[in-house]
Amino acid sequence: MRYDLVIFDNDGVLVDSEPLSNRLLAGYLTELGHPTTYEDSLRDYMGAALHRIHDLVEERTGKRLPEDFDDTFHSRVFAAFQEALEPVEGAVEVLKRLMADGVPYCVASSGSHERIRVGHRKTGLDAWFPAEVVFSAEDVGRGKPAPDLFLHAAARMGVAPERCVVVEDSRLGVQAAVAAGIDVYGFTAMTPEDRLAGARGLFSRMDELPGILGL
């Protein structure tokens, strides 16, 4: 099927940020008295908006995270991005193919607009994603696994959900796309295949994606 819009997740799909951010998150939660391993963070929070972290911690412990949690976590993440963030291997080549074939694309991320901008500037992806094709969970209130963000992105781009495809690497993102009625392909570079159940198909290298999309 030839799609009219490709919706990319950001973290782990366009920018190789998941190892950096999940190690920092696990460390910070542990520091605050909520012991969390890197593997725990990937399982519970990968692909999630920050409000999910607050909700899960309170649900499990009855305690709320500090009011400055988001600001402190973002400052640590942004500092790590400036030191070490790289684009996902092959992502730029996929964007080049989409542009050459005239296929519209956008990004729909659980991360804040600031987090997206910082990562894109560091990796050079800002040249491929002007502000009008960047969508964040901040825009809709409910992040993944709710379908709101993907439906919002499709509506703003003027494409019916059934003509879109989502590229995701997280369980929550796949669930959100399925809930939105949008085809989704799961990127398994660092996510076990069984955590992306519900995806229309799976791929492990970005150079496989153009063929999947019929480019």
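Given the structure is predicted, the values throughout are model-derived calculations rather than measurements. In this chain, residues are counted from 1 in sequence order.
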Is any side-chain heavy atom of [X] closer than 4.5 Å to a side-chain heavy atom of [Y]?
X	Y	result
F8	L125	no
D44	R60	yes
K122	Q82	yes
D9	V166	no
P161	F150	no
P130	V133	yes
D126	R117	no
H74	L50	yes

Task: Contact list for residues 179-204, test ring-ring contact (aromatic ring centres under 6.0 Å, His included), sequence neighbours left out - done: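 Every pair satisfying ring-ring contact (aromatic ring centres under 6.0 Å, His included) with a residue in residues 179-204: F187-F203.
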- [ ] Could you name each residue pair satisfying ring-ring contact (aromatic ring centres under 6.0 Å, His included) that touches residues 36-58, not counting sequence neighbours?
- [x]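 Found H54-F69.
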Contact summary for [X] and [Y], nearest pair of heavy atoms:
X	Y	result
I116	G111	CD1-O, 3.9 Å
S41	N22	OG-OD1, 2.7 Å
L202	A199	CD2-CB, 4.0 Å
L65	L32	CD2-CD1, 4.1 Å
I7	A108	CG2-CB, 3.6 Å
V15	G119	CG1-O, 4.2 Å

Open item on the list: Between F129 and Y105, does the ring pair (Phe, Tyr, Trp, His ring centres under 6.0 Å) criterion hold? Intermediate values first, please.
Closed with: CA-CA 9 Å; F129 289 94; Y105 62 85; 5.2 Å; yes
Open item on the list: Once salt bridge (charged side-chain N to carboxylate O under 4.0 Å, His left out) is applied, do any residues pair with D148, and if so which ones, sequence neighbours excluded?
Closed with: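 Result, salt bridge (charged side-chain N to carboxylate O under 4.0 Å, His left out) vs D148: R142.
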What's the spacing between [X] [atom1] and [Y] [atom2] if we round to 0.5 Å?
X	Y	atom1	atom2	answer
H120	R115	NE2	CZ	10.5 Å
D40	R43	CG	CZ	4.5 Å
L56	T61	CG	OG1	10.0 Å
I53	D70	CD1	CG	8.0 Å
L14	L95	CG	CG	6.5 Å

TODO: Under the side-chain contact (heavy atoms from CB on, under 4.5 Å) rule, what do L209 and V167 come out as? Steps first, then yes or no, please.
DONE: CA-CA 9 Å; L209 186 57; V167 182; 4.0 Å; yes
Task: Residue list, ring pair (Phe, Tyr, Trp, His ring centres under 6.0 Å) with H113, at least two apart or on another chain - done: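 Applying ring pair (Phe, Tyr, Trp, His ring centres under 6.0 Å) to H113 gives none.
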TODO: Only counting residues at least two apart or in another chain, list the ones meeting ring pair (Phe, Tyr, Trp, His ring centres under 6.0 Å) with Y3.
DONE: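 Y3: no ring pair (Phe, Tyr, Trp, His ring centres under 6.0 Å) contacts found.
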Starting from [Y], can I reach [X] by hopping between I/L/V/M/F/W/Y residues whose side chains sit under 4.5 Å apart?
X	Y	result
L20	L42	no
F73	L172	no
V94	V6	yes
M190	V88	no
L151	L5	no

Open item on the list: Could you walk me through whether E18 and S170 satisfy the side-chain contact (heavy atoms from CB on, under 4.5 Å) test, starting with their C-alpha distance in whole Å, then the side-chain angles of each, then the deciding distance to 0.1 Å, before giving a yes or no?
Closed with: CA-CA 10 Å; E18 294 291 11; S170 76; 5.7 Å; no
Check this for me: [X], atom [atom1], are more than 12 non-hydrogen atoms of other residues, nucleotides or ligands nearer than 6.0 Å?
X	atom1	result
E67	CD	no
E93	CD	yes
R64	CZ	no

Side-chain ([X]) to main-chain ([Y]) donor-acceptor, under 3.5 angstrom:
X	Y	answer
T36	T30	no
R76	L25	no
S109	S136	no
S110	G47	yes

- [ ] Answer yes when D55 and R52 have at least one side-chain N-carboxylate O distance shorter than 4.0 Å, and no when they do not.
- [x]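 No.
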Task: Where at least one partner belongs to residues 151-180, residue pairs that pass salt bridge (Lys or Arg N to Asp or Glu O under 4.0 Å), sequence neighbours excluded - done: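 Applying salt bridge (Lys or Arg N to Asp or Glu O under 4.0 Å) to every pair that reaches into residues 151-180, excluding sequence neighbours, yields D4-R163, K144-E168.
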TODO: Look at the rings of F78 and F81 and say which category their plane angle falls in: under 30° parallel, 30 to 60° tilted, over 60° perpendicular.
DONE: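 Judged by the thresholds at 30° and 60°, the geometry between F78 and F81 is tilted.
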- [ ] Might you work through the side-chain contact (heavy atoms from CB on, under 4.5 Å) test for R2 and D101, ending with a clear yes or no?
- [x] CA-CA 11 Å; R2 179 80 171 204; D101 280 30; 3.6 Å; yes
